[in-house]
Amino acid sequence: MERKAKYTTVSIPLSLYNRIKEMIKDTGFTSVSQFVIYVLREVVASYEEEKQGTVFSEEEKQEIIEKLRKLGYL
Amino acid sequence: MVSRPHGGRLVNRVAKGNRRQRLLEEARELPKIPVDLHRAIDLEDIAYGAFSPLEGFLVEDDYLNVLDNMRLSNDLPWTIPIVLDVNPQQLQGLREGDDVALVYRGDPLAVMRVENIYDWDKKEFSVKVFKTDSMKHPGAARTYQREDKLVGGEIDLINNVPNPFQEYTLWPAETRVLFEERGWKRIVAFQTRNVPHRGHEFVQKAALTFTDGLLIHPLIGWKKPGDYRDEVILAAYKTLIKHYYPQDVVVLSALRMNMNYAGPREAIHHAIVRKNFGATHFIVGRDHAGVKDFYGPYEAWEIFREFPDLGITPLFIREAFYCKKCGGMVTEKTCPHGGEYRVKISGTRIREMLKRGEIPPGEMMRPEVAKVLLSFDKLFVEEQRRD
């Protein structure tokens with residue numbers, strides 16, 4: 001029994017579709033959809049990262065640096 | 001720039017300060033589910049972001065997607081189902097939406113919001129994850145010993161699991177700061193559960209020639225009998241680094257994570273986890289995370305073709321051997337000489353020699369490393385640790 005992931009459809013111009021199709025030949029991407037998902041995910045992650053700022057505060061970073069020094073990593 | 005965490009955000013589910021205090025108090029009153037060391041390790045890996053973007057144990061939708069498509073339900077690559085198995089009797093009276101305390105050795109370790117209680121088919125799990133349901137496969141055998149129900153939901157870690165290798169343990173937030181402070185932008189990670197021989201050293205140094213730094217990241221945790229013991233691996237690497245690596249380009253840190261022996265699927269998992277630690281490149285071994293002959297020697301390389309969107313670059317470096325004519329470590333690609341000059345680096349042969357108390361030839365293993373290994377009374381895991 002194969003259970004599929006949930007997807008929805010997004011339209012893109014046919015000319016763009018064809019250019020992508022040509023571009024991804026022999027790259028490891030098996031479909032235009034897979035490539036578009038990859039690119040969009042990168043863009044979204046980049047946006048989210050920018051919006052969220054750094055992973056930790058300056059205070060947390062200093063605590064980490066202190067620990068790294070104590071353990072001899074820095 | 002170091003790798004972006006898998007899914008874009010480094011997960012932090014470690015409760016601190018007042019919040020931790022409140023959760024600790026709540027945990028006393030909550031229904032309790034005991035967890036063993038394997039799940040306790042999963043909990044830490046989730047909470048400290050090693051398993052980003054997971055915020056807890058998989059709910060059914062994600063579980064089925066991982067099993068069938070090797071992706072989470074949001075389509076992100078994820079190949080090993082991280083699931084909490086629970087004895088159905090312990091779920092009596094518990095409903096989806098409730099909070100529970102996950103308890104390890106009598107102490108509350110985490111609070112979990114029960115989002116989903118579901119059944120699983122252990123045979124299906126084994127066949128899809130391990131490509132076999134043979135009891136000779138350590139991962140499959142362990143799967144059949146697990147409980148019959150799965151519980152999914154977000155967790156908050158309120159206590160740490162006792163760790164004998166605390167001084168070697170760095171979490172993703174820490175390695176990311178470390179790499180930044182050292183000015184490394186391209187970081188190659190090396191996963192291991194073995195002591196280093198000359199072949200390992202060659203592969204690591206080959207990768208270092210085009211990266212800024214090397215993260216040697218041995219797995220600490222449950223391993224099968226016959227594997228090298230954790231302290232042995234760490235001591236061997238410490239010695240190798242001291243004598244043969246520039247100190248400013250290498251980091252040795254232990255990663256406590258369960259070893260599943262899931263071959264190709266686990267190679268992807270290992271790469272994703274190292275991406276979360278900030279690595280940009282990951283060395284994929286021949287028969288990576290394999291066991292016996294359950295997987296083809298290069299199956300773990302081939303699976304990466306299915307994941308162009310992984311976000312970390314896999315490095316496939318051919319098996320190295322010592323060539324007496326070249327006078328050094330080489331590969332098929334770099335050495336023209338015949339078999340009469342070649343010394344094959346055999347992990348099995350090294351293991352046999354060490355068992356007999358012999359120092360392997362210098363072409364196979366650095367003498368300083370061999371001496372340290374022979375100073376241990378017990379080199380190998382003798383029996384499965386139970387908790």
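Below, read A as the first sequence line, B as the second, and so on, with proteins coming before strands; counting in each chain starts at 1. Atom set for the values below is all heavy atoms of this structure, side chains included, hydrogens, waters and symmetry mates excluded.
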Atom NZ of B:Lys122: over 12 foreign heavy atoms under 6.0 Å: yes

So which part of B:Leu76 gets closer than 4.5 Å to some heavy atom of chain A, the side chain, the backbone, both or neither? both

Is chain A contacted by the side chain of B:Asn74, its backbone, both, or neither, given a heavy-atom distance below 4.5 Å? backbone

When you compare the side chain of A:Leu68 with that of B:Glu181, does any pair of heavy atoms fall below 4.5 Å? no

Non-hydrogen atoms of chain B under 4.5 Å away: do they reach the side chain of A:Gln34, the backbone, both or neither? side chain

Could you look at B:Ser52 and say if it's the side chain, the backbone, both or neither that has a heavy atom under 4.5 Å from chain A? neither

Take atom CD of B:Gln247 as the centre, draw a 6.0 Å sphere, and report whether it contains more than 12 heavy atoms from other residues, nucleotides or ligands. yes

Most heavy-atom pairs under 4.5 Å with chain B, out of A:Ile37, A:Val39, A:Thr30, A:Ile64, belong to A:Ile64

Sidechain-backbone polar pair: B:Arg305 side chain, A:Phe29 backbone, donor-acceptor under 3.5 Å: no

Chain B contact via A:Lys67 - which portion, at a heavy-atom distance below 4.5 Å: side chain

Can you measure from OH (A:Tyr73) to CG (B:Leu252) and round to the nearest 0.5 angstrom? 5.5 Å

What part of B:Glu180 gets closer than 4.5 Å to chain A, counting heavy atoms only: side chain, backbone, both or neither? side chain

Matching residue for A:Leu71 among B:Glu167, B:Gln166, B:Glu174 - test: side chain to side chain contact (heavy atoms under 4.5 Å, CB included): B:Glu167

With side-chain contact (heavy atoms from CB on, under 4.5 Å) as the criterion, how do A:Leu74 and B:Val177 come out once you've worked through the C-alpha distance, each side chain's angles and the decisive distance to 0.1 Å? CA-CA 10 Å; A:Leu74 282 175; B:Val177 170; 5.6 Å; no

Side chains of B:Pro308 and A:Phe35, heavy atoms from C-beta outward: is any pair under 4.5 Å? no

